[in-house]
Structures are given as structure tokens and as C-alpha cells.
Participant: 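Before we start, here is the structure in question, set down as C-alpha cells.
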Amino acid sequence: MLYVSTRGKTDLFSAAHAITRGLAADGGLFVPQNIPAMRMVDIKAMERKPYTERAVDVLLQYLTDFSEDELRECVNAAYAPEKFGDNPVPLVQVNDNTGVLELWHGPTSAFKDMALQLLPHLLTRSMQKTGETNKVVILVATSGDTGKAALEGFADVPGTQIIVFYPSEGVSDIQKQQMITQTGKNVKVFGIEGNFDDAQRGVKEIFGNTALSDELAKKGYTFSSANSINWGRLVPQIVYYFSAYVDAVKAGKITAGDPINFVVPTGNFGDILAGYYAKLMGLPIDRLLCASNSNNVLTDFINTGVYDRRREFFKTVSPSMDILVSSNLERLLYSVTEHDAARVADYMKRLNTEGHYEIDSEDLKQIQSQFFGAWVDELETKEAIGRIYNDYHYL
Ligand SMILES: *Cc1c(COP(=O)(O)O)cnc(C)c1O
């Protein structure tokens with residue numbers, strides 16, 4: 001399996017290269033050349049396997065320059081019981097037709113741990129495979145949860161350094177304390193003036209600055225990313241969609257082959273995109289419901305085909321979703337335009353220069369057949385949490 005840039009101006013690269021680099025040289029995101037398919041018998045066979053083996057099954061499809069044993073070592077280290085308990089990703093049934101996939105059993109309580117505990121293992125092996133001798137400097141922009149989860153994953157990992165940028169007034173108190181108290185010889189944390197989008201744009205500009213990267217390369221450093229723009233961060237997330245599905249089959253809630261929906265709280269569009277890839281691979285998913293807070297740029301996009309970031313930025317009670325420029329949407333556009341890199345590059349350029357773009361009606365139809373977009377405000381968010389707690393004693 002080889003990887004291309006969504007903007008089409010690079011060669012084909014191995015998974016190890018895509019993971020080491022993070023972002024493609026033309027500013028695009030690395031995507032697999034094609035999406036591998038999984039047969040229903042293989043999906044069904046996951047029922048009897050622990051989470052780590054389900055992960056090996058899925059990762060093997062994408063990280064073809066890794067051996068099965070290598071991947072097994074990586075996932076066993078990442079999802080060890082000392083870090084995640086005995087079942088890293090339990091599916092808890094709330095009522096007859098709703099289950100919650102509990103993604104918060106990792107060391108920082110953020111679902112990001114699912115990917116960020118594994119990424120350092122994938123990255124250090126990728127560096128060996130690509131012959132990377134420079135120290136890899138991981139730049140992270142965070143709206144709160146990614147920062148701590150990335151720091152925890154990369155603290156004292158040999159050959160790496162990690163620098164996190166967070167909006168100094170835009171994260172919760174707990175998130176801020178989690179980040180600024182991080183220990184480790186290779187960690188740095190900066191609060192910036194601005195919001196998450198400013199942090200993300202700044203980091204992307206550093207990646208795009210070739211003069212700077214040449215200069216640093218001479219001194220023995222290479223930049224990479226631990227945001228979901230890095231393929232190595234996204235691919236571990238595909239696994240838990242399969243895991244949720246087979247656990248629902250195992251619990252007798254559905255029969256293998258029945259379609260189910262996933263509702264995904266969304267910010268940078270990484271988590272939900274992983275669900276979309278699971279669907280393309282053959283997992284019986286009907287719709288992916290893209291759930292937003294008052295920063296409802298994605299709801300509007302899914303409903304109208306117009307992406308417009310020129311709007312007020314709200315600080316909400318769900319800061320990890322306070323994002324107006326959802327990076328991973330670029331990967332979805334690449335997929336629904338059937339790999340039309342020129343068109344994707346044009347949309348992204350417009351977003352950068354004019355702050356908005358509109359996609360073709362055919363592409364919109366395609367997106368609407370797979371996704372449903374909706375948002376709730378602050379009060380509705382709190383009411384929903386209260387209602388579920390009162391009705392089902394589930395927080
Ligand atoms: C990161 C995060 C999100 C958003 O996920 P994306 O992959 O960026 O869409 C939503 N909720 C919580 C709690 C998060 O930590």
C-alpha cells in the first residue's frame with residue numbers, strides 16, 4: 001500500500017514515510033492510494049479476538065511495510081492493561097438501540113489516547129525504516145485534549161522532541177494543568193494568543209516553510225506532526241469502529257451484516273473520517289452523524305455544500321470541538337471527488353485566501369448519502385447529558 005498527497009504534487013510514498021513526515025511537501029495530507037476491503041468473514045472472526053488483535057488485523061491492511069509481528073509489538077505496548085485496563089474500548093449499552101463506545105480508558109482520559117499511545121511506536125519504527133537519523137521534532141496544535149495525550153505518548157521517547165501550542169484562553173482548566181505539568185526531558189508547551197485555528201495555521205506554516213526545514217535539517221532535526229493530519233494518528237482510529245461493530249454482534253444487539261449508525265462528536269474531522277474509511281472497507285455502516293457544537297461550520301457544510309469559516313468563533317463547554325477549519329475534510333473531499341487532487345487543491349486555496357468554498361452538487365450528494373450533520377448549543381448539550389443521566393444512570 002502506497003500513499004499519495006491529497007494535492008497530487010508528490011510521488012508515491014510508503015506508510016513509514018507518510019508517518020515520519022506527517023504532512024506532504026505540497027501542503028496536502030497523505031492518503032492511501034486505495035482503500036483496502038475487509039470481508040465479512042474476517043470481520044466476524046474479530047469477535048473472538050481481543051482489541052489488540054483486532055487492531056493488528058486492521059493496521060496490517062494499511063501499514064504494509066510493517067510486518068505482522070512488528071504491528072503486534074506496537075499495539076501490545078500501546079494498549080497494555082497498565083494503561084487501558086483489561087478492555088481498552090468497552091461498548092456499553094445505554095438502552096435497547098443505543099450503545100456508547102467508551103474511548104476514555106487511556107492514561108489521559110481523552111479518546112486521543114487511542115491513537116497517541118500507538119503513534120510513538122509506529123513513528124520510531126517508521127524512522128528506522130526510512131533511515132531517518134535526524135531527531136524528529138513533533139509540532140502539535142491543540143484545542144485541549146490532543147496536547148496532553150501527545151505529550152504523554154511522546155514523553156522521553158528516544159529520537160523525538162515534542163512541542164505543543166495551545167490557545168492560552170481556549171482550553172479547560174484541567175486540560176491546561178494537564179499540559180503545563182507534563183514531565184519529560186523532550187517536552188515543551190506554549191500557550192498562544194489566539195484560538196485553535198490560529199495554532200493549527202501556525203504549525204502548518206512552519207511545516208510549509210522549506211527554508212526553515214532545510215536549515216534545521218543541517219542541524220539534525222526534522223519536523224513531524226502528531227495531529228490527525230498525520231496518517232499514523234488516523235489509522236489507529238479505524239480499528240475501534242470495527243471493534244464496536246463486532247462487540248454489538250457479540251452482545252446479540254445486531255446480526256452480522258446489519259447496518260448501524262455512528263454519532264461522532266467532531267472537531268478536526270479525524271475521528272469521523274476514520275469511521276468513513278471503516279465504511280469504505282466494508283463495515284456495515286449506514287450513516288455517520290457529524291455532531292457539532294455552536295461552532296457549526298461542518299453542519300452547514302454537510303447541509304449546503306458551502307464551507308465558510310468567516311464566522312464568529314465560540315468558546316464552548318466542549319472546547320475540543322471548537323474548531324472552524326477542519327483539516328481532515330480535505331481527505332474526505334479527495335475521496336468523494338474520486339481522487340481529483342487539482343480540485344481539492346483549488347478548494348483548499350480558496351479556503352485559505354477567501355475563507356470559503358462551495359463544492360460541486362455531485363460531490364455534495366455523495367457526502368449527504370454517507371453523512372448527516374447536526375449541532376446543539378450549550379444548553380442543549382447540558383440538557384442531553386442530564387437527560388441520559390436521569391433516564392439511564394449513565395454519565
Ligand atoms: C478531539 C476531540 C473531539 C474532536 O475529534 P476530531 O477527531 O478532531 O473530530 C471531540 N471530542 C473530544 C472530547 C475530543 O477530545
Side-chain angles (χ1 to χ4, degrees), residues 29 89 100-119 140-153 164-167 170-176 178-179 195-197 199-201 203-204 225-241 262-278 288-299 301-302 307 309 313-333 371-376 378 381-382 384-385 395:
L29 306 184
V89 197
V100 174
L101 186 64
E102 296 191 344
L103 293 167
W104 59 80
H105 293 275
T108 78
S109 306
F111 89 83
K112 315 286 198 289
D113 286 332
M114 294 308 301
L116 283 165
Q117 284 297 314
L118 182 56
L119 181 62
V140 179
T142 184
S143 55
D145 280 347
T146 297
K148 174 59 184 181
L151 289 163
E152 188 69 30
V164 171
F165 301 92
Y166 70 93
V171 299
S172 73
D173 288 341
I174 291 175
Q175 289 170 331
K176 193 176 208 163
Q178 279 184 312
M179 287 188 279
N195 58 34
F196 169 76
D197 291 315
Q200 177 160 257
R201 193 177 53 248
V203 165
K204 279 188 175 172
S225 165
N227 283 100
S228 52
I229 54 178
N230 191 323
W231 180 251
R233 167 80 192 276
L234 204 78
V235 69
Q237 299 189 261
I238 301 173
V239 178
Y240 52 69
Y241 287 90
F262 281 95
V263 183
V264 187
T266 297
N268 222 4
F269 210 76
D271 196 4
I272 196 167
L273 185 76
Y276 173 73
Y277 285 134
L288 292 153
L289 281 75
C290 176
S292 298
N293 61 22
S294 314
N295 295 296
N296 54 7
V297 61
L298 286 166
T299 315
F301 172 70
I302 291 168
Y307 196 100
R309 68 168 163 82
F313 182 97
F314 297 102
K315 280 191 218 164
T316 73
V317 290
S318 40
S320 299
M321 298 160 69
D322 292 347
I323 294 178
L324 291 181
V325 179
S326 284
S327 290
N328 278 295
L329 201 59
E330 181 165 348
R331 287 187 166 115
L332 177 68
L333 293 171
F371 292 87
F372 179 82
W375 70 283
V376 288
E378 300 290 271
T381 302
K382 292 175 187 172
I385 293 171
L395 185 62

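We count ligands from 1, going down the list as the structure has it; atoms in each ligand are counted the same way. Everything quoted here is computed from the prediction, not taken from an experiment. In what follows, every heavy atom counts, from backbone to side chain, and hydrogens, waters and symmetry copies are set aside.
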Participant: Below 4.0 Å from any atom of ligand 1, is there a heavy atom belonging to A110?
Facilitator: no

Participant: Considering only non-hydrogen protein atoms, determine which one is nearest to atom 11 (N) of ligand 1 and report residue, atom name and distance to 0.1 Å.
Facilitator: M321 CG, 4.0 Å

Participant: Out of all atoms in ligand 1, which are within 4.0 Å of some heavy atom of T266? Include the element for each.
Facilitator: 9 (O)

Participant: For the aromatic rings, using the six-membered ring if either is Trp, is the centroid distance between F371 and Y276 under 6.0 Å?
Facilitator: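 Under 6.0 Å, so yes.
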
Participant: Scan side-chain atoms only and decide if D145 and Q175 contain a donor-acceptor pair under the 3.5 Å cut-off.
Facilitator: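 Yes, side-chain donor-acceptor contact under 3.5 Å.
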
Participant: For Q178 and T108, which I'm curious about, is there any donor-acceptor pair between the side chains at under 3.5 Å?
Facilitator: no

Participant: Distance alone, cut at 3.5 Å: any donor-acceptor contact between the side chains of N195 and D322?
Facilitator: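 Distance-only check fails for N195 and D322.
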
Participant: Got a donor-acceptor contact below 3.5 angstrom from the S318 side chain to the T316 backbone?
Facilitator: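 Not a single qualifying donor-acceptor pair exists.
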
Participant: Give a yes or no answer on whether the side chain of D271 reaches the backbone of T266 with a donor-acceptor pair at less than 3.5 Å.
Facilitator: no

Participant: Checking a contact table here: which protein heavy atom is nearest atom 4 (C) of ligand 1, and how many Å away?
Facilitator: G267 N, 3.5 Å

Participant: Within the 4.0 Å heavy-atom shell around G270, which atoms of ligand 1 are there?
Facilitator: 6 (P), 7 (O), 9 (O)

Participant: With a 4.5 Å cut-off on side-chain heavy atoms, are V203 and V140 touching?
Facilitator: no

Participant: Under 4.0 Å from ligand 1, counting heavy atoms only, is it the side chain of F269, its backbone, both or neither?
Facilitator: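 Within the 4.0 Å criterion, F269 contacts ligand 1 through backbone atoms alone.
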
Participant: Please state which protein non-hydrogen atom is closest to atom 2 (C) of ligand 1 and give its distance, to 0.1 Å?
Facilitator: K112 NZ, 2.4 Å

Participant: What is the nearest protein non-hydrogen atom to atom 6 (P) of ligand 1, stated with its residue, atom name and distance?
Facilitator: N268 N, 3.5 Å

Participant: Name the closest protein heavy atom to atom 13 (C) of ligand 1, giving the residue it belongs to and the distance to 0.1 Å.
Facilitator: D145 OD2, 3.5 Å

Participant: Can you give me the closest heavy-atom contact between F269 and C290, atom names plus distance?
Facilitator: CE1-SG, 4.2 Å

Participant: To check your reading of the model: name the closest protein heavy atom to atom 12 (C) of ligand 1, its residue, and the distance in Å.
Facilitator: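 Ranked first by proximity to atom 12 (C) of ligand 1 is S320 CB, 3.7 Å.
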
Participant: Just to confirm my output: which protein heavy-atom neighbour is closest to atom 7 (O) of ligand 1, and how far is it?
Facilitator: D271 N, 2.8 Å

